[in-house]
Amino acid sequence: MRARRSRAVSLLVTSMVLTGFLISGADARQEGDEALPGPGPGAVAVAEPAAVDLDEIPAEPPVRPRPPAPRELFGADCETVIEGSQATATCQNGYPETDLLRLHVECDRWWDVDADSAAVSLAPAGRTELTGRCWKEVRSAWVTHQRP
C-alpha cells in the first residue's frame, strides 16, 4: 500500500503547480509580438509567487468522529387510526422493557376539548388498544412512550 500524503503537503504542491501555470501563461508571447506595456488598458498583471506558511495550515483531525449512538431498544410499535370523531391506537411491545403509553387526541374545532388518556402499562410481548374521541372531528392523534 502507498502511504497517504498529508493535506498540508497536498495543498502546498497544488498551489505551487497552479502558480507555475499562471506565471508561465503571463510571460507567454505570441510569435512576432512584443511584450505588453506596463500598467495600461492592455496590461497583464503578473502575480507575485504565493508563499505558504505551513504553520498556518490546519492539521488533519487526529481521531475519527464519534459513531452515532446505537438505537435504543425501547418503545412499543403503535398504529393510529382516525375515523370521524374516534381515534384508536393499537400497540404491541416487542421489546424486553415495560412501556407506559398515553394516547393524545387533538380535536379539530376550537371549542372541542383535546384529550390525553391515562398511562397504560404495556408489558414485553404485550398488545393493547387505546381509544379517544372528540365531539366532532379529530385533527390528529399520537402516542407517547415513557419508562415506568
Side-chain angles (χ1 to χ4, degrees), residues 1-28 30 36 39-148:
M1 281 177 90
R2 273 180 64 193
R4 189 175 148 196
R5 295 183 194 172
S6 72
R7 183 178 291 168
V9 173
S10 296
L11 287 173
L12 179 62
V13 170
T14 303
S15 64
M16 298 289 280
V17 169
L18 290 176
T19 303
F21 285 141
L22 291 174
I23 291 174
S24 63
D27 288 340
Q30 291 182 358
L36 294 173
V44 174
V46 178
E48 292 287 325
V52 177
D53 185 11
L54 294 178
D55 293 331
E56 293 180 8
I57 298 175
E60 292 187 48
V63 293
R64 291 183 150 184
R66 195 177 288 167
R71 186 164 179 224
E72 192 175 355
L73 298 176
F74 175 77
D77 294 323
C78 297
E79 181 181 333
T80 307
V81 177
I82 298 173
E83 293 177 351
S85 64
Q86 185 87 17
T88 305
T90 306
C91 300
Q92 182 171 356
N93 189 2
Y95 296 110
E97 290 185 49
T98 301
D99 190 1
L100 289 177
L101 303 172
R102 283 193 168 96
L103 176 65
H104 306 276
V105 178
E106 183 178 338
C107 300
D108 197 28
R109 309 293 174 131
W110 65 269
W111 45 264
D112 207 347
V113 179
D114 298 341
D116 298 325
S117 73
V120 174
S121 178
L122 185 59
R127 184 177 174 90
T128 189
E129 189 173 282
L130 304 169
T131 58
R133 65 179 314 254
C134 296
W135 283 98
K136 290 282 191 175
E137 300 87 15
V138 174
R139 176 178 294 168
S140 63
W142 65 95
V143 176
T144 56
H145 307 270
Q146 182 182 0
R147 291 184 192 273

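From a predicted model like this one, the values you see are computed outputs, not experimental measurements. Below, all heavy atoms of this structure are taken into account, side chains as well, without hydrogens, waters or symmetry copies.
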Novice: Quick one: CZ on R133 to OG on S85, what's the gap to the nearest 0.5 Å?
Specialist: 4.5 Å
Novice: Run the side chain to side chain donor-acceptor pair (under 3.5 Å) test against D77 and tell me which residues pass, sequence neighbours left out.
Specialist: none
Novice: For C107, check side-chain contact (heavy atoms from CB on, under 4.5 Å) against everything at least two apart and list the hits.
Specialist: D112, D114, C134
Novice: Closest heavy-atom contact between P124 and Y95?
Specialist: CB-O, 3.2 Å
Novice: Could you measure the distance from the CD atom of E79 to the OG1 atom of T88? Nearest 0.5 Å is fine.
Specialist: 10.5 Å
Novice: Looking at CZ of R127 and CG of N93, how far apart are the two atoms once the value is rounded to the nearest 0.5 Å?
Specialist: 12.0 Å
Novice: Can you list the residues that meet the salt bridge (charged side-chain N to carboxylate O under 4.0 Å, His left out) rule with R109, with sequence neighbours excluded?
Specialist: E137
Novice: When rounded to the nearest 0.5 angstrom, what is the spacing between OG in S117 and CZ in R102?
Specialist: 7.5 Å
Novice: Within a radius of less than 6.0 Å around CH2 of W142, do more than 12 heavy atoms belonging to other residues, nucleotides or ligands occur?
Specialist: yes
Novice: Distance from L122 atom CG to Q92 atom CD, nearest 0.5 Å?
Specialist: 8.5 Å
Novice: If only atom types and distance count, is the side chain of S121 paired as donor or acceptor with the main-chain N or O of L100 below 3.5 Å?
Specialist: no
Novice: Quick one: side chain to side chain donor-acceptor pair (under 3.5 Å) partners of T98, sequence neighbours excluded?
Specialist: none
Novice: With sequence neighbours left out, what residues match E97 under side chain to side chain donor-acceptor pair (under 3.5 Å)?
Specialist: R147
Novice: Are the side chains of W111 and K136 in touch, meaning some heavy atoms are under 4.5 Å apart?
Specialist: yes
Novice: Is R139 reaching over with its side chain to a backbone N or O of D108, donor-acceptor style, under 3.5 angstrom?
Specialist: yes
Novice: Just jot down the side chain to side chain donor-acceptor pair (under 3.5 Å) partners of D99, sequence neighbours excluded, or say none.
Specialist: H145
Novice: To the nearest 0.5 Å, how far apart are SG in C91 and CG in L103?
Specialist: 8.0 Å
Novice: Do H104 and V143 have side chains that get closer than 4.5 Å, going by heavy atoms?
Specialist: no
